[in-house]
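Okay, structure first, notes after.
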2 protein chains.
Amino acid sequence: MGMKVVALAGGIGAARFLGGLVRAVEPADLTVVANTADDIRLHGLHVSPDLDTITYTLGGGVNTEQGWGRADESLAVATELAERYGQPAWFTLGDRDIATHLLRTRVLAEGGTLTQATAEIAAAWRLPFRLLPMSDDLVTTRIVTADGRDLGFQQWWVGERAGPDVAEVRFAGAATATPAPGVLGAIAGADAVVLCPSNPVVSIGPILAVPGVEATLRHAPVVGISPIVGGKVVRGMADRLLPAAGSKVSAAAVAERYAGFLDAWVLDDVDAGEVAAVERLGVRAVTTDTIMRTPQVAAAVARTALDLLTLVVST
Amino acid sequence: MGMKVVALAGGIGAARFLGGLVRAVEPADLTVVANTADDIRLHGLHVSPDLDTITYTLGGGVNTEQGWGRADESLAVATELAERYGQPAWFTLGDRDIATHLLRTRVLAEGGTLTQATAEIAAAWRLPFRLLPMSDDLVTTRIVTADGRDLGFQQWWVGERAGPDVAEVRFAGAATATPAPGVLGAIAGADAVVLCPSNPVVSIGPILAVPGVEATLRHAPVVGISPIVGGKVVRGMADRLLPAAGSKVSAAAVAERYAGFLDAWVLDDVDAGEVAAVERLGVRAVTTDTIMRTPQVAAAVARTALDLLTLVVST
């Protein structure tokens, strides 16, 4: 029996890391719990960007250049919706991608759960690990802008290109949500829980906001990889959101957000100067090259993280 | 003010005839009531084949070669649904066509009616007449086969290529359905109601089966164009269904089905020998070239029909 591992994941950064993690552990012993608070209903379709980015990346069908969406994609449906029917075009869905959303939406419309839809899609892509949504309930990240507007996350991020300053981030529906079946059990039974190098505010944050998740993490061995390198985001917009959430934009500041349950933290080599600050939180820290240019580098990061966690747990 | 005209319509044959009718009357005074009992839910999408064939044909976007679906169509979504996700592929939806179904399905999911969805789609196509579904309620044509199976119409027609012999045709939900808003009013106020040369069993039949329609037609001036020419169908499968519905496959036999409300009937020149039989039903009959190779021929058929009806009404 291999090490039972749970990964908490957002989108692109997590997907690239997971491409390494499946090389570092036995995939059959891996459960990936993905953020679904970025989910959005577009043209009546239930779109789950993080689930799909993970599925397409690990299934070998992602547009590797942009990191999301499908390779060899076309836009016939979106073009017709916009040009013929005047439908909103700020969030473009590719044709192949729409096939995924149609399947998911139909399962949900027939009374199935997001967990069931996700399992059906993951099986079609022959994912070698278990992929779970964080919850079958609707949890929605809302961005309250400095000028007082309450926007959906995708509206702020994609629709307004993260332009408006952020006053507050909240997760509508989280307080009454239930973790998806299998989530708490996987965490409770894990030999290692890995926080992917995802946005701490709007990717990992919503997963932690689902009641029961953080409490269960407190009793599990948890290691994370910093999504902040040299005081900057590797990708995404965490630098816009961390200040609104009361944190500095640094590897140590992200570790501090997780300090209540974090046992080990992997920083990039350029952040060696922050190791001491992390260890003062009671979190064991190590540095390595965390820029995951290839799955081989990502696998090395995963091994570093799991080795450090094993060391912490055994001492 | 022009003549107020209502056309009862099925799919391809009706759409070609309507291409002539809009040249023969003032389109703003025309209401087209379309069969929706062929509607089917596929991949969670609400597909309305007859409404769409009429819309695409009259809107200038139809695949003229096949008579249905969109010109310049692609199949990216359908291919992905079939090949990646193993979804049923017996009824293929094109990408541009899917945009229409997405719009309709979203309107319905948001609590709108099929009438509202149809109006929104028709407006996008700038149809110059009013297009109405026969009902906002679900009415579904069922084909009971000779070997005792109860199939949806599309399953029999498209899925099994009309192979199994037909024992019975019924319209599930018709007895409790209500005509769509505007249907009865349009018929009651019409100077002419035209039965398009559509399948009498599964295109015109379901419209007549909606409670109130046939009773209202009895008080309206009604002319029809025979879909049977020389004892054969011009297109479609009425020859397979008329016997199951108790009629012969002839122009006169179709007129007889409508005899309770029909005032005038247009037959093809090759069926001149049936004129006497039609007139014995108390229905005025005339023959002309009804093979609508061009919109000009279709317009001539429409003028012949309306002229005959005007003559009948005035005498």
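Numbered from 1 within each chain, the chains take letters A, B, ... in sequence-line order.
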Part of [X] within contact of chain A (heavy atom distance under 4.5 Å):
X        : value
B:Ser74  : side chain
B:Leu45  : side chain
B:Arg70  : side chain
B:Thr100 : both

[atom1]-[atom2] distance between [X] and [Y], expressed to the nearest 0.5 angstrom:
X       : Y        : atom1 : atom2 : result
A:Leu81 : B:Arg106 : CG    : CZ    : 9.0 Å
B:Asp97 : A:Glu80  : CG    : CD    : 9.0 Å
B:His43 : A:Ile98  : NE2   : CD1   : 13.0 Å

Using a cut-off of under 4.5 Å on heavy-atom pairs, state which of B:Arg96, B:Arg41, B:Arg84, B:Glu73 scores highest against chain A.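 Most pairs with chain A among the choices: B:Arg84.
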Report the option among B:Glu110, B:Glu120, B:Gln87 that has the most heavy-atom pairs separated by less than 4.5 Å from atoms of chain A.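 Counting heavy-atom pairs under 4.5 Å, the top option is B:Gln87.
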What are the two closest heavy atoms between A:Ala99 and B:Val77, and how far apart are they? CB-O, 3.9 Å
Please tell me if the side chains of A:Leu102 and B:Tyr85 come closer than 4.5 Å, counting only heavy atoms from C-beta onward. no
Decide if atom CD of A:Glu65 counts as having more than 12 heavy atoms of other residues, nucleotides or ligands within a radius under 6.0 Å. no
